[in-house]
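Notes follow once the structure below has been shown.
Values below: all heavy atoms of this structure, side chains included; hydrogens, waters and symmetry mates excluded. Here is the naming used below: chain letters follow the sequence lines, and residue numbers restart at 1 for every chain.
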2 protein chains.
Amino acid sequence: MEEFAAVSGISRPTVSKYFHDPESVRTSTRERIEAAIEKYDYRPNIYAMNQNRKLTKNVGIVVPYLADPFFAEIARNLEQRCIDEGYRPTLYGSHGEPAHESDILDSLLSLKPAGVLLAPLGRGTDRRVLERFCKAVPTLIFDSNVEEFGIAFVGSDNYQFTSHITDYLCRTGEPPSFFEMKTPANPNAHRRRQSYLTAMEDFGYEPHVISVEGGGWEFEEIGRLGGHNAIEQGLFTTGTVLCSNDRLAIGLLTACYEKGLRVGRGEDCAIRIAGQDNHPYARFTCPPLTTVAHDYDAVSKEAADTLFAAIEGTLSPWSSTRFEGKLLMRDSA
Amino acid sequence: MEEFAAVSGISRPTVSKYFHDPESVRTSTRERIEAAIEKYDYRPNIYAMNQNRKLTKNVGIVVPYLADPFFAEIARNLEQRCIDEGYRPTLYGSHGEPAHESDILDSLLSLKPAGVLLAPLGRGTDRRVLERFCKAVPTLIFDSNVEEFGIAFVGSDNYQFTSHITDYLCRTGEPPSFFEMKTPANPNAHRRRQSYLTAMEDFGYEPHVISVEGGGWEFEEIGRLGGHNAIEQGLFTTGTVLCSNDRLAIGLLTACYEKGLRVGRGEDCAIRIAGQDNHPYARFTCPPLTTVAHDYDAVSKEAADTLFAAIEGTLSPWSSTRFEGKLLMRDSA
DNA sequence: ACAAATAATTTACGCGCGTAAAGATTTAGC
DNA sequence: GCTAAATCTTTACGCGCGTAAATTATTTGT
């Protein structure tokens with residue numbers, strides 16, 4: 001930087017100031033620096049920069065499982081917003097393992113990030129590690145809430161999701177059974193079950209929950225195996241099934257296919273199946289999956305904006321924002 | 001580190017040496033240091049460490065599109081192998097955009113990574129940027145090859161993939177048409193088409209390629225729309241279709257559903273559809289998709305091992321390793 | 001055109017660690 | 001118990017940059 005400043009005819013502290021915030025120097029100076037950068041292809045050493053800065057421009061994005069297209073999609077969205085605001089995002093996937101999540105937070109700590117966007121594992125999340133982390137780094141929790149940690153929570157309104165689609169299913173045919181994992185990793189699943197129970201009672205129907213065994217993140221396979229069992233034991237009494245999420249629904253669709261059950265809302269169909277999330281593949285199942293769509297854009301925008309506001313000093317009390325979902329009526333129900 | 005060394009009763013240079021490589025100090029010393037780390041919860045500042053080290057422990061993993069479950073899966077696999085070897089992997093997705101890929105390589109350059117595992121965009125990759133990058137950083141190219149850049153290439157044997165499944169399809173029914181994108185981003189697609197043409201000639205059949213329009217990375221939608229067209233125009237003359245990849249096949253399955261065509265190998269089915277890649281969802285389509293599976297494990301192991309060997313000094317000439325695929329016979333064909 | 005405000009320069013120090021060199025200490029081999 | 005080898009300690013410097021303080025140059029308002 002010393003040399004670069006010399007050949008550019010500008011002092012090193014000014015160059016340093018420019019890299020900290022290009023807007024902080026006079027326009028004429030900025031143009032000279034930028035011309036020199038172009039000419040000499042100089043870029044400052046990231047390690048040396050971040051060593052002394054109290055605040056880096058790093059932002060960590062942590063999701064429970066990067067191989068889940070839902071999280072991959074929202075991570076991609078958040079990543080772009082960070083770049084647009086001049087931050088350097090780094091992606092992390094917890095691989096569904098609490099220990100891995102803790103490791104990520106630990107190593108993130110030594111990266112001195114300006115802020116972190118975290119979708120916690122949920123049930124498996126180590127409260128102590130997370131709490132300590134949130135004290136050190138401005139952390140925005142999204143997707144699934146863990147107590148009132150961090151600066152805010154942003155996610156979807158799971159009660160509304162489930163009551164909305166339950167309403168739709170009741171209006172258009174037999175009331176749905178609810179198909180879910182017995183021990184879901186994600187706390188949203190509990191909200192959805194609860195919402196289903198409430199909605200069914202409100203409509204004057206008897207709720208009917210089918211909880212299937214299985215751990216881990218291979219939801220499709222869990223849905224498929226659970227579906228086989230449920231079909232064999234005749235648990236789908238009403239001919240309509242609302243799944244706790246789309247991935248379970250995709251597995252259940254496979255089970256129905258394998259059992260020779262025709263899925264859909266036509267006269268000749270044996271069963272209606274609906275999901276929740278609008279998973280990127282839900283549109284391409286056979287039949288296309290009726291589901292409730294997250295407002296990806298709204299969630300990621302609110303999450304990013306809230307974090308940036310907190311980083312840039314706007315301290316506000318902890319808050320929780322939940323966006324409503326949109327019903328997507330397709331052929332499966 | 002000064003203070004930590006003092007309270008631990010060990011000199012700072014030795015502590016520094018320990019963090020560089022725990023094996024490089026005497027066992028008794030290592031135990032004392034590790035006990036002290038446990039006690040005082042000390043960890044060195046990453047930025048200061050990497051500033052002076054000629055070689056960091058960072059490894060970059062770059063894939064064209066993180067929201068594609070295929071790449072998400074292989075990235076996850078590679079990530080784990082890096083961690084196991086004591087490296088710090090960082091994930092990057094190019095979002096399908098050449099400019100973004102170049103940006104990633106550029107910013108990776110300033111991270112002084114020990115090595116990089118790169119799955120290039122392919123056709124869109126900026127040759128000049130990549131070449132310059134490969135000169136500065138040990139780079140292993142995987143999935144799709146770009147000239148003979150980097151230290152080596154590791155991927156799947158696309159010729160074998162297609163000839164193998166073409167063989168199977170010809171033996172079990174009518175010979176397949178080949179369903180692909182007209183302008184695929186990935187060079188593997190060209191190999192597969194070529195392999196199809198060769199295989200069909202070898203079997204004495206007339207090859208029949210259906211190239212559909214569409215750019216970007218939304219392969220399912222491209223397959224669906226292309227499928228609608230092809231069905232309307234009666235292009236699937238033989239009643240068997242081999243798709244260039246599983247994502248196109250998934251879209252085509254949706255198109256068939258929407259057109260009322262029954263897919264599968266049963267007597268009452270109108271069309272057989274097969275894919276290639278064994279996409280994580282291929283098992284859950286309706287019907288489950290017959291496809292050729294990558295040897296994920298072998299590819300990622302070979303890729304990681306080759307990179308680690310190069311980093312640790314074992315210089316070997318550029319090489320190309322391609323693993324054969326395994327035919328997965330499911331219900332769609 | 002002049003004072004006040006703004007921006008850039010000069011000078012200087014420190015961040016937390018890597019690392020080299022020389023000397024002191026411990027260990028291994030016999 | 002001795003020597004050679006391996007390891008550790010002491011000392012010292014530098015990496016590439018952030019940043020504070022004092023000074024000087026430039027711009028702005030009137």
Distance in angstrom units between B:D21 CG and C:dT19 C1', rounded: 15 Å
Check: A:E34/A:Y18 side-chain N/O donor and acceptor closer than 3.5 Å: yes
Separation of atom NZ in B:K17 from atom P in D:dT7, rounded to whole Å: 7 Å
Integer-rounded Å distance: D:dT7 P and B:R32 CZ: 15 Å
Of B:N52 and B:V15, the one whose closest DNA chain D nucleotide lies more 5': B:V15
Base of D:dC17 paired with side chain of A:N45 (donor-acceptor, under 3.5 Å): no
Interatomic distance where CD belongs to B:E2 and C1' belongs to C:dC17 [whole Å]: 10 Å
Least distance between heavy atoms, A:F71 atom then A:A119 atom: CE2-CB, 4.2 Å
More than 12 heavy atoms of other groups within 6.0 Å of B:K112 NZ: yes
A:H294 versus A:S156, side-chain donor and acceptor atoms under 3.5 Å: yes
Nucleotide nearest A:S11 (side chain, heavy atoms from C-beta), chosen from D:dT19, D:dT10, C:dT10: C:dT10
D:dT9 phosphate, OP1 or OP2, under 4.0 Å from B:T14 side-chain N/O: yes
Options C:dT10, D:dC8, D:dC15, nucleotide nearest the side-chain atoms of B:R26: D:dC8
Quiz item: A:R12 side-chain donor-acceptor pair to D:dG16 base, under 3.5 Å: no
C:dG18 OP1/OP2 closer than 4.0 Å to side-chain N/O of B:Y18: no
Phosphate-side-chain proximity, B:T29 and D:dC8, N/O vs OP1/OP2 below 4.0 Å: yes
Sugar-phosphate only, base, or nothing, as touched by B:P13 at under 4.0 Å among non-hydrogen atoms: base
Non-hydrogen atoms of A:K17 and A:S24 that approach each other most closely: NZ-O, 3.0 Å
C:dG16 base / B:Q51 side chain donor-acceptor hit below 3.5 Å: yes
Protein-nucleotide distance (B:H20, atom NE2; C:dA20, atom P), rounded to Å: 10 Å
Euclidean distance, atom CZ of residue B:F4 to atom P of C:dC17 [Å, nearest integer]: 11 Å
Length of the CD-P vector between B:E23 and D:dA6, whole Å: 17 Å
Phosphate OP1/OP2 of D:dG18 contacted by B:Y47 side-chain N/O (<4.0 Å): no
Rounded distance in Å - CE (B:M1) to C1' (C:dT19): 12 Å
